[in-house]
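Predicted model only: the values in this text are computed from it and were never measured. Hydrogens, waters and symmetry mates play no part in the numbers below; they use all other heavy atoms, side chains included.
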Amino acid sequence: MSRRLTGIERMLTGLRPRLLAAMLLVSAVTLGVAAIAVLSPLEQRLREDGVREVQYAILADRPRFAHMPVEPRTGLPARHRLHRVEAELGHRAGDADATLLNKEMEVIHPPRYRDLNIPAYFPVARRALTKKSFVHKVVDESLIVALRLKIGGRRYVLVVNKHLQYVAQAVGVVRKAFLVAAAAGLLTALLLGIGIATAMLRRLERLRDATARLERRGLDAPAPQDSGRDEIGDLARSFAGMQSQLQRQEDARRAFVATASHELRTPLASLDGMLELLEDDLSAGSLDLEDARLRTENAREQTRRLSQLATDLLDLSRLDTEAPLRSEPLELGELTRAVAAEFELTAEKREVSLDIQPPREPCWTSADPGSVARIVRILIDNALRFAPPATSIEVSAGRDRDFAQILVRDYGPGVPPHERDRIFERFTRGHGAAAGRGAGFGLGLAIGRELATRMGGSLELVDETALTAEGGLASANGGAPAARNGSAGEGACFALRLPAMRVESEIAIA
Ligand SMILES: Nc1ncnc2c1ncn2[C@@H]1O[C@H](COP(=O)(O)OP(=O)(O)OP(=O)(O)O)[C@@H](O)[C@H]1O
Ligand SMILES: [Mg+2]
């Protein structure tokens, strides 16, 4: 019996901890990656927007600086105008401070020193003096943007200082939102994981119990039931299907063994009886030679039946083990002629004529020659057993659309409608079987059909009407079989169909 997981093993390596860990990991990684993907670019973007806002404001006010009147006495920009323009620029740039420095880095217009980031401020201004374009730097959440200007023919540097705390604040809000989402996500994953894992494990445990029951009690144990429309439900249904299939096979095997033993017992008992009588006669010294000859003949008939049964059982067991059949090109006309020839003597004895009709053109298939010959033998043997004297048995090969087929037709009693399917089952003889000479075991057609199916074909009892439509035997004979005389009945016609193989000329035309 297979070992079950211990409690500790279940806690460490069972499906529940693994599923939970996987769900937690997935939600943690998802939120972590989302945070990294959003927070850093968001911060970057907000800073760039800040720089752009300041630069646009400076560009918009640049003409006002260029055309600013200067004080005639000092040559410096008019203080009141400078104050207004700088204030408006600071407002436009989003609550920023604007400062004007001369090229000696002296502050022309008094800045608000409380906002000025002195150590970082002057290097930026100095760099702007040597460049035509904007220079900017972010120091301690403070953005410094500088641009060279000319007022009244003199060079100045306009420096705008803007606080970027709002960037940190916005990023902080989003970060907090992520943390809340992460906590909620992880909690949901945990609860969902526990719920799903518990439900799944309960169903898996039921399945495991069902297999354990099967192990203990065999195929009669109740099959697992799970109506879930998911993979576990599918597994349970496949399991139940497999169990009932095995049950059916087991029942069929038991029935087969029982019937086979019964069939074996009958000829063995009769053989034993005959030998016993012979022995009695020998012991009493009253042996009648003619009587003894008859008994030995009967005994030989029984051994022949036993050997036939042994061959059939061997064939069936080979079919059951699904041993592979050969597949090679086979011309059915030639095979039919050869097999039918084996029965000529028997046919003659029974005063039945064997009418072998060759195909109009070679009729190729790809099959196992031994198995096809076996099926034809089964069909001719049956026909010979049922055909009344002075009738004919017609054996023909031909093409029927995509099939190569062999038809075996006799004019015996035929098969009643209610037996048409049954006669193909193992150990099933028809009611008319007694009328046929030398009752068989009811295995021939079952073996024939299984062999035909294994070769991709079929073995069927066909209607005369269907035959005519297919251009089979009836039409070949003009629908008026010559041998329908005397005690001829409805007759039976069996068709073995195998996939046709196209010959080279057909392939060339296609
Ligand atoms: N040509 C036929 N005409 C009438 N009935 C037939 C014919 N062939 C088969 N049957 C019916 O089908 C039954 C099954 O045939 P099948 O060949 O399987 O077994 P069997 O001939 O009785 O025994 P076995 O072939 O094992 O020696 C027969 O018992 C018979 O009733
Ligand atoms: Mg038979």
Using a 4.5 Å cut-off on heavy atoms from C-beta on, say whether the side chain of L496 contacts that of M455.
no
Report, as yes or no, whether the 6.0 Å neighbourhood of atom NE2 on H262 holds more than 12 heavy atoms from other residues, nucleotides or ligands.
no
Reference residue R304; test side-chain hydrogen bond (donor to acceptor under 3.5 Å, both in side chains); the match among Q308, Q302, E301:
E301
Are D220 and Q247 packed together at the side-chain level, in the sense that at least one heavy-atom pair is separated by less than 4.5 angstrom?
yes
Ring geometry between F494 and F424 (parallel below 30°, tilted from 30 to 60°, perpendicular above 60°)
perpendicular
May I ask you to say whether R385 pairs ionically with D381, meaning some side-chain N is under 4.0 Å from a carboxylate O?
yes
What pair of heavy atoms forms the shortest contact from L186 to A28, and how long is it?
CD2-N, 3.8 Å
If you count heavy atoms of other groups shown closer than 6.0 angstrom to CG of D288, is the number above 12?
yes
Ionic contact status for E334 with R337, cut-off 4.0 Å
yes
Do R253 and E250 meet the salt-bridge criterion of a basic N to acidic O distance under 4.0 Å?
yes
Is there side-chain contact between L309 and R305, with heavy atoms separated by less than 4.5 Å?
no
Is it true that E450 and R318 make a salt bridge, defined as a side-chain N closer than 4.0 Å to a carboxylate O?
no
Please check this pair: side chain of R295 against backbone of M274, looking for a donor-acceptor N/O pair closer than 3.5 Å.
no
Any side-chain donor paired with an acceptor under 3.5 Å for Q245 and R248?
yes
